[in-house]
Amino acid sequence: MTDFARPPIPAAPQAIDGAILFFYYDDLDAAAYWYHELLGLDILMREEWLVLLQLRPGCTVGLVDAIEGNHLPPRGGNQGAMLSIETNQIEAWLERFKVAGHCPPDTSLISGCRGRTLEFRVRDPGGYMVEFFHWLDRP
C-alpha cells in the first residue's frame, strides 16, 4: 500500500460558539408545541417555516417545516437522528412524560451505554427519538 503525502492541516480553532440540531416536520406547529410546552425549551426565534429553541446556551434545537426546509422528514420508524438529553432528574422527566401521556404508563428506566447510564426514550411528533439519560459512571 502506498503512503500518500498529505499537506499539514492548521490547528483546529479553539472556539465553537454553538451548535444547532435540525429536525424536519410535516406538522411544525405540533413539533414546536411539544418542544416548547412539554420539554420547556425557550423559543429563540419563530418564523413560518422555522422554530429555534434553546436547549442550553449555545445548544439549539431547530425545527423546520418540511415544505420550506432543505430536507424532507424521513419516512418510517427510524428517523436517522436522536436528541440525547443528559439530566440528573431523570425520574422527574419520566414522570412528566407519563402524566402528559407521551409514553406508556409502564415505561421504566432502563440500563444503557453498556451499564453506564439509566435512560428512557420517547418519540416527538415527527417520530424522532428523544433520549433522556443519567450517567451512573461518568466518563
Side-chain angles (χ1 to χ4, degrees):
M1 185 156 119
T2 305
D3 190 17
F4 294 99
R6 294 186 178 166
I9 299 172
Q14 294 300 307
I16 294 177
D17 298 323
I20 302 175
L21 174 63
F22 286 106
F23 290 149
Y24 293 81
Y25 297 91
D26 290 319
D27 187 344
L28 181 61
D29 288 336
Y33 176 85
W34 197 88
Y35 281 89
H36 178 61
E37 296 297 330
L38 190 59
L39 289 187
L41 303 185
D42 290 331
I43 295 174
L44 299 174
M45 185 176 92
R46 177 151 194 151
E47 300 287 334
E48 282 184 37
W49 61 278
L50 172 71
V51 179
L52 296 178
L53 301 114
Q54 185 175 53
L55 192 55
R56 63 176 300 171
C59 297
T60 304
V61 176
L63 314 176
V64 184
D65 180 32
I67 296 170
E68 298 288 332
N70 292 327
H71 300 283
L72 295 174
R75 303 297 177 212
N78 184 348
Q79 300 307 73
M82 178 172 72
L83 173 63
S84 292
I85 297 173
E86 180 182 354
T87 177
N88 63 4
Q89 297 178 343
I90 194 163
E91 294 90 357
W93 277 108
L94 178 57
E95 183 64 19
R96 180 174 174 84
F97 278 93
K98 285 181 179 181
V99 169
H102 286 275
C103 66
D106 62 346
T107 302
S108 61
L109 298 176
I110 61 171
S111 176
C113 197
R114 297 182 179 173
R116 297 182 72 188
T117 64
L118 282 179
E119 60 187 48
F120 74 95
R121 296 176 183 153
V122 294
R123 290 202 182 268
D124 77 3
Y128 289 97
M129 187 74 69
V130 178
E131 171 187 72
F132 289 79
F133 74 95
H134 172 71
W135 288 107
L136 299 173
D137 178 18
R138 185 153 181 100

Starting from [Y], can I reach [X] by hopping between I/L/V/M/F/W/Y residues whose side chains sit under 4.5 Å apart?
X   : Y   : value
L55 : M45 : yes
L50 : L21 : yes
L44 : I85 : yes
Y25 : Y33 : no

Euclidean distance, [Y] [atom2] relative to [X] [atom1], rounded to 0.5 Å:
X    : Y    : atom1 : atom2 : value
L39  : D124 : CG    : CG    : 9.0 Å
S84  : M129 : OG    : CE    : 10.0 Å
E131 : E86  : CD    : CD    : 10.5 Å
I43  : L52  : CD1   : CG    : 10.0 Å
R46  : L28  : CZ    : CG    : 5.5 Å
E48  : D29  : CD    : CG    : 10.5 Å

Exercise for the section: Hey, can you tell me if F120 and F132 have their rings parallel, tilted or perpendicular (30° and 60° cut-offs)? Expected result: parallel
Practice task
Could you check whether the rings of Y24 and F22 sit parallel, tilted or perpendicular, using 30° and 60° as the cut-offs?
Solution key: tilted
What closest approach, in Å, do [X] and [Y] show between heavy atoms, and which atom pair accounts for it?
X    : Y    : result
V51  : A32  : CG2-CB, 4.0 Å
H102 : W34  : ND1-NE1, 3.3 Å
A66  : D26  : CB-OD1, 3.6 Å
A30  : P125 : O-CG, 3.6 Å
L41  : H36  : O-ND1, 2.8 Å

Acceptor/donor pairs from residues 111-118 side chains to any protein atom, 3.5 angstrom cut, sequence neighbours excluded:
unit_1, atom_1, unit_2, atom_2, d
R116, NE, D137, O, 3.4
R116, NH2, D137, O, 3.0
T117, OG1, G112, O, 3.2
T117, OG1, E119, OE1, 3.1

Exercise for the section: May I ask you to list the residues sharing a hydrophobic cluster with W135, side-chain cutoff 4.5 Å, ordered by chain and number? Expected result: F133
Exercise for the section: Mind running side-chain contact (heavy atoms from CB on, under 4.5 Å) on Y128 and L83 for me, showing each step along the way? Expected result: CA-CA 8 Å; Y128 289 97; L83 173 63; over 6 Å; no
Can I get a per-line list of side-chain donor-acceptor pairs under 3.5 Å for residues 92-100, giving both atom names and the distance, sequence neighbours left out?
unit_1, atom_1, unit_2, atom_2, d
R96, NE, L38, O, 2.7
R96, NH2, E37, O, 2.8
R96, NH2, L38, O, 3.1
K98, NZ, P105, O, 3.3
K98, NZ, T107, O, 2.8

